[in-house]
Amino acid sequence: MKKIYQLYRFLLRKHGRPKDFWRKWCKRKKTKEDKEEIALGAILTQRTNWKRVELVFENLKRAKILSIKKIYQAGKKDLKLLEKLIRPSGFYRQKAKRIYRFCQFIVENYRNLEKFFSQDLKTCREELLDIPGIGPETADSILLFAGGKPIFVIDEYTRCFVKREKISNQFSYNYLQDLFQKNLPRDAKIYQDFHALIILEGQSIKL
DNA sequence: GTCCAGGGCCGTT
DNA sequence: AACGGCCATGGA
């Protein structure tokens, strides 16, 4: 069943190549710092939209703690401060803790993201999933969009897409992830673009 | 006032 | 394995 790959080609023709999904959504340039923001954004965006996450980034920027290291230091001293800054993205007490623990994990074990991502995909994924508050979707978003690792992200948009296109009548995370990966070249760029296209498609239908 | 936005965790069945 | 309740904000 190469239907999935054909759907990818179809969406690519329809919407064009999404230049840089995260840049477009975050309205930011792709820099080294940006990778950290992408990873942090993956947690902040849980069950909310990007506008809210933008507000948090602005707060963090204003407070000059917009990096993994700075958040780690700030959170260690005073979690309440992080809570206050993270508030606009909702679930702020949980998310402050989640963000802090993620930063703590990176800094204390690897010093920086680069080092962490230098390991193989399987190791990175297992370690991310061990951090409380980081589940499969958040972990894979971090791996794919911040780490450039070839792993396909399943989210609500993807499930709606699967349903609309009658790709499968089973919707569990692992099953769908497997299905997409088996029917696509193992290429992070393609996974990124396809994911962006699925969201663009989902939003265009909603209107 | 009501609805909802790109999850994850925990407890129950 | 599947489902329900919970976490919380601000814009439409």
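Remember, predicted model here, so these are calculated numbers, not experimental data. Excluded from the calculations below are hydrogen atoms, water molecules and symmetry mates; all remaining heavy atoms, backbone and side chain alike, are included. Chain letters run A, B, ... following the sequence lines, proteins first, then strands; residues in each count from 1.
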Practice task
Indicate, with a heavy-atom threshold strictly under 4.0 Å, whether A:S89 touches base, sugar-phosphate, or nothing.
Solution key: nothing
Exercise for the section: May I have the distance from A:R101 (atom CZ) to B:dG8 (atom P), rounded to whole angstrom? Expected result: 14 Å
Practice task
Give a yes/no answer on whether the side chain of A:R98 brings an N or O atom under 4.0 Å of OP1 or OP2 in B:dG8.
Solution key: no
Practice task
Output the distance between atom CG (A:L85) and atom CZ (A:R62), rounded to the nearest 0.5 Å.
Solution key: 9.0 Å
Exercise for the section: Taking only the side-chain nitrogens and oxygens of A:R87, find out if one of them lies under 4.0 Å from OP1 or OP2 of C:dT9. Expected result: yes
Exercise for the section: Please check if any side-chain donor atom of A:Y173 sits under 3.5 Å from a side-chain acceptor atom of A:D140, or the reverse. Expected result: yes
Handout entry: Phosphate OP1/OP2 of C:dT9 contacted by A:Y92 side-chain N/O (<4.0 Å)
Key = yes
Problem - Rounded distance in Å - CD (A:Q170) to C1' (C:dA1) - result: 11 Å
Practice task
Return the value, rounded to whole Å, for the distance between atom CG of A:N169 and atom P of C:dA2.
Solution key: 12 Å
Completion exercise
Rounded to whole Å, the CG-C1' distance (A:L55 to C:dG11) equals 10 Å
Practice task
Quickly work out the A:E54 CD to B:dG6 C1' distance and round it to whole Å.
Solution key: 15 Å
Completion exercise
Between CZ of A:F161 and C1' of B:dG6 the distance, given in whole Å, is 15 Å
Problem - Closest listed nucleotide, where the reference is the side chain of A:R52 and the choices are B:dG6, C:dC7, C:dG10 - result: C:dG10
Exercise for the section: Could you check whether A:G90 gets within reach of a base, just the sugar-phosphate, or nothing at all, counting any heavy atom under 4.0 Å? Expected result: base
Handout entry: Closest to side chain of A:Q46, choosing from C:dG11, B:dG6, B:dG7
Key = B:dG7
Fill in the blank from the handout: note: A:K51, atom NZ; B:dG6, atom P; distance rounded to Å ~ 11 Å
Problem - Donor + acceptor pair across side chains of A:E127, A:Y110 (<3.5 Å) - result: yes
Practice task
Between B:dG6, C:dC7, C:dT9, spot the one nearest the side chain of A:S141, thanks.
Solution key: B:dG6
Handout entry: Flag side-chain contact, heavy atom, 4.5 Å: A:R52 against A:L55
Key = yes
Handout entry: Close side-chain approach of A:I151 to A:Q177, heavy-atom, < 4.5 Å
Key = yes
Exercise for the section: Please report, rounded to the nearest Å, how far the C1' atom of B:dG7 is from the CZ atom of A:R47. Expected result: 8 Å
Problem - Distance test, side-chain N/O of A:T138 to OP1/OP2 of B:dG8, below 4.0 Å - result: yes
Practice task
Can you tell me, in whole Å, how much space there is between the P of C:dG5 and that of B:dG6?
Solution key: 22 Å
Exercise for the section: Measure from the side chain of A:F91, starting at C-beta and using heavy atoms only, and say which of B:dG7, B:dG6, B:dG8 lies closest. Expected result: B:dG7
